[in-house]
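Heads up: the structure comes next, in structure tokens.
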Amino acid sequence: MDKLPDKYNPADFESDIYNSWLEKGYFHSEVSAKKKPYSIVIPPPNVTGYLHVGHALNNSLQDILIRYARMKGFAACWFPGTDHAGIATQNVVEKELNKNGITRFTLGREKFIEKVWEWRSRYGSGIISQLKALGCSCDWERLRFTFDDDYVKSVNHEFVTLYNDGLIYRGNYMVNWCPRCLTAVSDIEVEHKEKKGNLWDIKYPLIVEETGLPSKTEFITVSTTRPETMLGDTAVAVNPSDKRYKKYLGRKVFLPLVDRLIPIIEDDYVDKDFGTGAVKVTPAHDPNDFEMGQRHNLNKINVMTDDAVMNENAGRYKGLERYEARKKVLEDLESLGYLGSKKDHISSVGMCSRCDTVIEPRISLQWFVSMKALAEPAIKAVQEGRVKFVPKKWEKLYYNWMENIRDWCISRQLWWGHRIPVWYCTKCSEMIVTESLPKVCKCGSTGFRQDEDVLDTWFSSNLWPFAVMRWPQKTAELDYFFPTSVLITGHDIIFFWVARMIMMSLYFMKEVPFKEVFISPLVTDIHGRKMSKSKGNVIDPMSIIDKNGADVLRFTLASLTSPGKNMLLGEDKIEGSRNFANKLWNASKFVTANIQGVNVIETDPKTLTLNPWDKWILSKFAKTVKSLEKYLEKYSISFACKCLTDFFWNDYCDWYIESAKSRIYEKKYNDDKDGGSAATEFGNTDKAKDRQAAQFVLWYVLERYLKILHPFMPFITEKIWQSIPHEGESIIIAKFPEIKSRILDKTDNVVENELLKIFNLISEIRKIRSELKINPAVRVKVYLNPADILFEKNVKDNAGYIKDLAKLQEIVIGRPADNKGFIKSIKDENEIFVYILDAIDIELELNRINNEIRKIIQEKDKSSAKLENPQFLDKAPKDIINKEKSKLSQALKIIESLQEQLSLLQSIK
RNA sequence: GGGCGAUUAGCUCAGCUGGGAGAGCAUCUGCCUUACAAGCAGGAGGUCGUAGGUUCAAACCCUACAUCGCCUACCA
């Protein structure tokens, strides 16, 4: 047993403790017939990632649950890993290369991928070591990466199976294209932001039928936010019911700048009431126009290159970047007299979620997953409660998305990622979809070219819960640990990841991937703003760990975790947890110092004589364990934390330790020169036995408390636990305390109520003392007129504690013969007389009493109003009425007594 | 445009199936009492967003409105 250092300094021991756990292999879990499985898969952080507060929160929560399950006797396994994060990682490495003037194109595909692997081996474990610093008890022997060889096999199997089942198809469609990343992205990778812009009116002249030339007087005016796309217009559309344009139907429209003749079409999509009711149609650059183009068989003229520069179809605008082209187009239209009015307009602009570049809708050949058939069973699984969201409100969001799900574009024009397992024969172009390189084509050729594209990262991560267990291999782990127990993640990836895992798991495993999904709060700064580097409000969890220790960070995050809320994180919240850790440290020091020489381990509890204070703290502890378990069950993490701190600080430290001092400090027993209490006043005449009971219970409760706190604050609890008497080699594998009926582990409401009255009495006396500014060092005399014999006995038995905790010289049962010099107060119907003649400040006291009277009169009025209401008496339940009656009578008593007090004081004055 | 959520003490938030408004922080007062000043003891502070309604009884249920936030969408 190490002695606890004087100061709590987590930096001194956290990493050593972590390493010792690692060495002992406590985090590793095996398939075990004797135990029930409890498993969690980590939401794999990007290899490029560093630990941000969101990770810290998420992983703290997972660790709490895993540690709890482990102590409860489950085979608890936390599967860790990282995500290759295609586009994100590619961007990071490219940026790095760009610094040296290298682009991925100068390197070439193969070399570039080598570079990325290099990068990963150098920096990819950064986040892992940060998770370790946080204390995460992941089973590191099972560490996986979504780009491991095995994992590639899983993904290929996924693709090929879905393809063979007709759920994957390839085609030319309009997709969201990022002109900076040079790849297609899926709908949910586009972030829409409201942007101020303009709405321009452009006049398209009608062709005069006789001359075949554009009219100088007849125009159709269209409105657009993107004038540059007019270069690709192939029609003007109006609503079929719009009478204004009926007369022009059948005539051609002259498209300025490109001098093309385009038709007028009728389509229901067009809103008569918006703008002029006429819309320019650019099927190659707008999703709606694309649809209209399909319906009306229009040409789709692509006027841009893949990096959003105008191409040869844009005529003289070729080579201009899209926004330069816009400017030029507007100038030219203006000078030709085709430009109408310009209005301010707010429209939502799609941005690439990875690089913030404005998305360019573009037609291209891509791979898609058809989602409807996959979504249906996944919707059902949640409806039937096979997957539960906590908090439940996220289910709505899930349904909403799933019910309106659209096909998923999974091909990416990137280099870093799972290459699409599709090959084309170099001779006959036959397409072969297969899990590995085909040997020979049916044309006899053996030359193949693999599809250039890679798969969306989420297409691989949606296998995570079973691919980490090496699916499609049939492994023992898969059999045992799957489906996992719970998934903990943020709401921002419900669509990206959670929904798709459910779909794929149901498809491939015929089971849900997890039984519950706990959606952790979004962490914001103290003003509720999202943390971002540009705002400079990012809190770096590692710096908190360095400064305050991982336990403090974990506990802070956990105590702010109430379901469905954002989490506002600021300095003062961290301080609160730090103070708590410090309190725990100091209280433990007190305990270790005061149980020296007592062999608590060998003590037979049956030989102890427990007094009410012992029974009280044991009962409180038992209740704390019960609440804690209840809260953990419901993922009410903040409540769990609150019941842990409340118990320790308010019950154990403020009452139990404080009272135990009277029993433990040697001199209290010998004499009481300073007005303290002799042993006989503590309800136990055998001094030695009483001291022993106190010492034992101090230790017993602390030792067990450390265990229940351990999942939340693993390091400090281990450190202290190792410094006090204990059995077993580490707290991490200790058994979670159980509440039974034996005296040490049961709840006891009778004792609790008994002591509560004593506490009230002590508090009342303290209050009077404090309000009258009686120096805490001064011991005062108190008379107590008890409401009943029970309380009288209670007070007599606890007189020593009352005297020590309220700093009394003496407590006398009964009323003082002469009220003079006494302050009278009533608590729980007991009359309390505090002798304050030496200390009194009459004005202060008059004020106090007047205030008190004012408050109580208000309450009395409320009660009597209710009781005078016949409808209340008629309709309210009996117990409510009785409660109200007793409230009233008590209030009356107190008022009477206070008024008596008042007149007494006034007479002195 | 649609949807969801929020509105309670100076701040951040609890408040269960309607029945005496709570915590932490901040603030104020008094204390270096031999585990802890990162502490101890005590106090003050609220028309529960607004307006209606249901009920004997509303922070809680219903309706409308206001303000803020988030998600979602193809109005050029």
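Below, chains carry the letters A, B, ... as their sequence lines are ordered, and counting in each starts from 1. Owing to the predicted nature of the structure, the values given are computational and were not obtained by experimental measurement.
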Which part of the nucleic acid does [X] contact within heavy-atom distance under 4.0 Å: base, sugar-phosphate only, or nothing?
X: A/K642; result: sugar-phosphate
X: A/K855; result: sugar-phosphate
X: A/Y269; result: base
X: A/V270; result: base
X: A/K583; result: base
X: A/N582; result: base
X: A/E194; result: base
X: A/N775; result: nothing
X: A/H345; result: sugar-phosphate
X: A/W200; result: nothing
X: A/K589; result: sugar-phosphate
X: A/D271; result: base
X: A/R578; result: base
X: A/I657; result: base

Between [N] and [M], how far apart are the two [atom1] atoms, rounded to whole Å?
N: B/G49; M: B/C60; atom1: P; value: 8 Å
N: B/G18; M: B/C13; atom1: P; value: 26 Å
N: B/A76; M: B/G1; atom1: C1'; value: 15 Å
N: B/G24; M: B/C61; atom1: P; value: 26 Å
N: B/G10; M: B/G45; atom1: P; value: 11 Å
N: B/A23; M: B/C4; atom1: C1'; value: 28 Å
N: B/A14; M: B/C25; atom1: C1'; value: 14 Å
N: B/U33; M: B/G42; atom1: C1'; value: 15 Å

Please pick, from [options], the nucleotide with the shortest atom-to-atom distance to any side-chain atom of [X].
X: A/L199; options: B/A38, B/A76, B/G19; result: B/A76
X: A/A876; options: B/G30, B/G19, B/C75; result: B/G19
X: A/P776; options: B/A35, B/G5, B/C31; result: B/C31
X: A/F872; options: B/C56, B/A76, B/G5; result: B/C56
X: A/K887; options: B/G19, B/G5, B/G20; result: B/G20
X: A/R406; options: B/C56, B/A73, B/G42; result: B/A73
X: A/W649; options: B/G39, B/C4, B/C74; result: B/G39
X: A/V279; options: B/A76, B/G20, B/G15; result: B/A76

Without decimals, in angstroms, what is the distance between [X] [atom1] and [N] [atom2]?
X: A/L584; N: B/G39; atom1: CG; atom2: C1'; value: 15 Å
X: A/I768; N: B/G30; atom1: CD1; atom2: C1'; value: 16 Å
X: A/Y8; N: B/A37; atom1: OH; atom2: P; value: 16 Å
X: A/I765; N: B/G42; atom1: CD1; atom2: P; value: 12 Å
X: A/L397; N: B/U72; atom1: CG; atom2: C1'; value: 9 Å
X: A/W585; N: B/G39; atom1: CH2; atom2: P; value: 17 Å
X: A/E191; N: B/A73; atom1: CD; atom2: C1'; value: 15 Å
X: A/D6; N: B/U34; atom1: CG; atom2: C1'; value: 13 Å

Is any side-chain heavy atom of [Y] closer than 4.5 Å to one of [X]?
X: A/K661; Y: A/D804; result: no
X: A/T229; Y: A/K280; result: yes
X: A/M230; Y: A/T224; result: no
X: A/I617; Y: A/F647; result: yes

Cut-off 3.5 Å, side chains only: do A/Y204 and A/D233 have a donor facing an acceptor?
yes
Could you check whether the rings of A/Y338 and A/F219 sit parallel, tilted or perpendicular, using 30° and 60° as the cut-offs?
perpendicular
Do the rings of A/F712 and A/F555 sit parallel, tilted or perpendicular, given the 30° and 60° boundaries?
perpendicular
For [N], the Watson-Crick or wobble counterpart (both distances under 3.5 Å):
N: B/U34; answer: none
N: B/C68; answer: B/G5
N: B/G52; answer: B/C62
N: B/U29; answer: B/A41
N: B/G18; answer: none
N: B/U12; answer: B/A23
N: B/A73; answer: none

Those residues that, when tested against A/K767, pass salt bridge (Lys or Arg N to Asp or Glu O under 4.0 Å) (two or more places apart)
A/E852
Under-4.0 Å side-chain N/O to phosphate OP1/OP2 contact, A/Y665 with B/A35:
yes
Ignoring backbone atoms, test whether A/R779 places a side-chain nitrogen or oxygen under 4.0 Å from the OP1 or OP2 oxygen of B/U33.
no
Determine whether a donor-acceptor pair (one donor, one acceptor, N or O, separation below 3.5 Å) exists between the side chain of A/K661 and the base of B/A35.
yes
Donor-acceptor pair present, A/E658 side chain and B/A35 base, under 3.5 Å
yes
If you find the nucleotide of RNA chain B closest to A/N586 and the one closest to A/E575, which residue's nucleotide is nearer the 5' end?
A/E575
Nearest-nucleotide comparison on RNA chain B, the residue closer to the 5′ end among A/N288 and A/R766
A/R766
Residues A/E859 and A/K887 bridged, charged N to O under 4.0 Å:
no
Would you call A/K589 and A/D6 a salt bridge, using N to O less than 4.0 angstrom?
yes
